[in-house]
Amino acid sequence: MSGSRRRKYRDDDEDMDTSHRSSKRRRPDNAQIEERLESLITRVGEKSTSSLESNLEGLSGVLEADLPNYKGKIIKILCDCAVALPEKITVYTTLVGLLNAKNFGFGDDFIIVLSKSMREFMKANEWSKARFVVRFFADLVNCHVIDVASLLSLYENFVAVSEEPDIPQVRSDWFIYSVLSSLPWVGCSLDEKKGEELTKLMKSIEDYLGKRKKDHVPFLRVWHGENPHEQQDYLENLWQQIAKLRRDEWVEKIIMRPYMAFHSILSESSVHSLPPFTPPPHNLELNYPIPKVVFRMFDPTDAPDGPPMPGPLSIERYLVEDQISSLISTYFRDRKDCAAQLLNYHAKKQIPLNYVIVEVMFGQLFNLPQSPQIHVFYMALFLELCKLQPGSLPQVLAQASEMLYERLEHMNLHSSDRFVNWFAHHLSNFQFRWSWEEWTDCLNVDVDLPKPKFVIEVLAKCLRLSYHQRIVESVPETFAPLVPNPPEPIYKYGEEGAESLPGYAIAQTLCDLIKKKGSIEVVLEVLKDAPNPKDVDGMEDETSFNALKIDVFVQVLLYLGSKSFSHSFGALAKFLPVLKELAVNEESQIYILRVIKDLWRNHSQRIAVLVDKLLRVRVISCPAVANWLFSSFMSSSFTRMFVWEILHSTINTMNKHVKGCETELEEARQSAKRPDDVDMESDEEDRYDITKAASESKIEQLQEKLEGAQSEEKKLFLIIFQRFVMVLGEHMVSCENKGEEFRTPWFIHAIQRLQQIFLVHYHQVVKYTTTLENLVFTSDTDPTILEVFTAFRSLHS
Amino acid sequence: MALKSDRMTELSAYRDQHFGGSMDNQERKLKEASTLYIGNLSFFTTEEQIYEVFSKCGSIKRVVMGLDKIKRTPCGFCFVEYYDREEAANCMRYVSGTRLDDRIIRTDWDVGFKEGRQYGRGKSGGQVRDEYRTDYDGGRGGYGKAALKQLSAGKEKPRYQQWVS
């Protein structure tokens, strides 16, 4: 292995005699030089004592000298920078321009490599990288590397995609978007030299936008209803901004244009033609980005002094948003660096920077279906920004929180859940200080309305991050009705008057027994004596299991293990066999869950971790959890956030299980294909056969296990959607009978929870689209409910 | 190409002296670990709070609270084990250095919990750092043991009183 690698290395080394310069000695030198080149190139454009222009000039001189020996490496580094550091695109285009001016062949080689990598990015579904390449090419026109006609034909080929028959809209969307999103860089030269063609191109884009479907828009909106910030489809908004930019003769103040300083050098160099590029044809392997809607929360008047926020139709709004987003995706792993980079944004003097950052970050956090980064990243980045700008950022963030609160009524529930989590987390980092007095309008109104709901959930989350007394002291006394109860267990058999309960005596015995570390057998023996009451309230089928047994055992066990999570888990682990025996069927599992809720009704976090634990040890099944959450026992909590967190986490657990089974099966198949670890001597053949048979039966077993898991997952989704349709339908019918409007706060909440399932578990649900269409969301379904399903389908069409 | 810094997830200089293996082996294990040591907690911070904060980064496999060797009460640290290393890495990136119970908590890679490690290693039962601490820290049992010793000896009293206010 190592021998062949060394040989290959020597082959690369031309035909030079290497006898006295062994590869061993040359390699580190090479590596050192390459490392130095990499560091020089990646760092250009960062904060420096000298001007960007002089740095670029110096660097191009250094690189020119290295070109004869390291051309390939230099091209590779520049191509990487082009897509990995998109905020510095114009720095690198200028550098490429300067090198091209010094060395004509370089420009040609560079664009060939970059063009190839654009194709590779598309094939690998790395669409944002491909988009940055298009922008890079556009700016290379300004730097006299690419001739304007060949860029135009690239654009024409991209726009032609919209004419392709039988393709998903998301495909043509991406190609159109790439053209539009690079036009601010090159529009001016294009208009100057190819004005007529540009007009034609823009006409085709306009036509495309005119016939484009927009069913996804209501589904992805953070704001619905009447709101000062209409959330436009992303392409539509960008189109309007570009059209306006053209009318304004392409004048904007955001893009850094370092090539202007080198006009005299660059205009001397010769330009190249982009190699002809036809987009890779559509196939099922290509997953295009799903559409977006634009999130805005600030108006030009919201920033009190300094430069105003660019208006919604100004291209500058798009450019700063796009560049701030790029900075976030470049630096998200290092929140300190990320905060510093954002605050050092090159065009910070032209815009109200804090407002832009806050708006972009909330836009990402609230983005539907998913945020680009995990939520805790945004929480941490906000903290970091507050630390770096203590005099100004906290105020902007507070102002934003006020605005979000005021608009809760129009906010998508899924986004407002994220708002709850962020707000509670943020408060916990600032001693829970907040001007609650400003929010007294959430008191004395229907608690199902968005504002009181928000405050209830925030305080519940604050409680989890802190302790009860602290929360009580953090809010004005008038907020008491919204403050959660102390998170203590309510042990049924310890309450006053419990003596009259049918299970009281057994509970007492069991309690003593467990405290004295009684064995599983003894516990089971005691439980055997529990009578099977025929009339446990509300049970659908009392013959399938003994409800009293479950009630007594689960109450006693969890009460004794109530001191901490560890105590609860310890108790469950110790008596797992008893639990498994009690949880014989779905009804009994649902009953176990019901008892847990009863005991821990004031501690939603405990309920959630217990459910998670019981799922993992397979005492209860995922479908049982779903049926429990939709059951009548849970109806009083139906609109509480924790219920939905449990459901989402249950779906995730199910999905992880399916994926685990897939991996297991795949691994077994792979190892069966490799018989080389078995000794193939002739007298060992029998053993080989045995091993082979064993591995075949193992594969069969795993296959069955996977099919079982898949059908359980399908069942889970069917239960969830069927019960949603039922519960929403029942509400509508009962309102109709009473002659009342069905869109109550409860209904608006509940239907958004349905939408949330589609949004959060988009990739899993997509697999069942047809099944759902045939079984659940049929033509008989009420149009209001069906609308949610239709919008979901439009996301991938 | 190392364009994007991920320095928050790099190993710190701290090495557990009780590891009982070679340095190389320890480092290799730290680089594969999905367990974190969490420090500078208040003695009053509960397991529930730990779950709430740390599950923001991923699913928690288990939490082991650090206990005073003698009193068996929380003594300001814990271990959090995730199912995946990437989840633990997110915790290094986004939770380390933020506040819980008003204290800036620190996270560090750990090779994985072993029985016995949940106890403080200080002479008095708690963590070693609380032995030598000379300031007053209400969240960690008041004065450090060293300060208490000096206080009870009646020396330098004025200096500490000044710190209390």
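Because the structure is predicted, anything quoted here is derived from the model rather than measured. So you know, we letter chains A, B, ... as the sequences are listed, proteins then strands, and number each from 1.
Annotation: B:K71, atom NZ; neighbour count of heavy atoms from other residues, nucleotides and ligands within 6.0 Å does not exceed 12. The number of heavy-atom neighbours closer than 6.0 Å to NZ of A:K574, taken from other residues, nucleotides and ligands shown, is above 12. Around the CD atom of B:E86, the shell of radius 6.0 Å holds more than 12 heavy atoms that belong to other residues, nucleotides or ligands. Residue-environment remark: CZ (A:F430) exceeds the threshold of 12 foreign heavy atoms within 6.0 Å.
Among B:D101, B:T46, B:D102, the residue with the largest count of heavy-atom pairs under 4.5 Å with chain A is B:D102. Chosen from A:K613, A:R616, A:H603, the residue pairing most often with chain B at heavy-atom distances under 4.5 Å is A:R616. Interface check for chain B: of the options A:F432, A:F569, A:Y467, the most heavy-atom pairs under 4.5 Å are formed by A:F569. Across A:S566, A:S428, A:S564, the residue that shares the most heavy-atom pairs under 4.5 angstrom with chain B is A:S566. Between chain B and the residues A:C338, A:P487, A:S466, the largest count of heavy-atom pairs under 4.5 Å involves A:S466. The residue among B:R7, B:M92, B:M65 with the most heavy atom pairs within less than 4.5 Å of chain A is B:R7.
For a residue to count as touching a neighbouring chain, one of its non-hydrogen atoms must lie under 4.5 Å from one of that chain's; by this rule B:Y51 touches chain A with backbone and side chain alike. The part of B:V63 that comes within reach of chain A is its backbone (N, CA, C, O), which places non-hydrogen atoms under 4.5 angstrom from that chain. With a 4.5 Å cut-off on non-hydrogen atoms, B:S42 does not touch chain A at all. Of the atoms belonging to B:T45, not a single heavy atom falls under 4.5 Å from chain A. At a 4.5 Å heavy-atom cutoff, the contact between A:Q605 and chain B is made by side-chain atoms alone. With a 4.5 angstrom heavy-atom cutoff, A:R43 does not touch chain B via any of its atoms. Contacts between A:L465 and chain B at a heavy-atom distance below 4.5 Å involve backbone atoms as well as side-chain atoms.
Residues B:E47 and A:V609 form no side-chain contact, since every pair of their non-hydrogen atoms from C-beta on lies 4.5 Å or further apart. Between B:R99 and A:Q431 there is no side-chain heavy-atom pair separated by less than 4.5 Å. B:I50 places none of its side-chain heavy atoms less than 4.5 Å from the side chain of A:F565. A:H375 has its side chain out of reach of B:K56: every pair of non-hydrogen atoms, C-beta onward, lies at least 4.5 Å apart.
Taken from CD in B:E52 to NE2 in A:H425, the straight-line distance is 10.5 Å, to the nearest 0.5 Å. We find the OG1-CZ distance between B:T9 and A:R333 to be 9.0 Å, quoted to the nearest 0.5 Å. Distance check: A:R335 CZ to B:T98 OG1 gives 6.5 Å after rounding to the nearest 0.5 Å. Separation of atoms CG (B:D6) and CZ (A:F332) is listed at 8.0 Å; rounding is to 0.5 Å.
Ion pairing between A:K656 and B:D84 fails under the 4.0 Å rule for side-chain N and carboxylate O.
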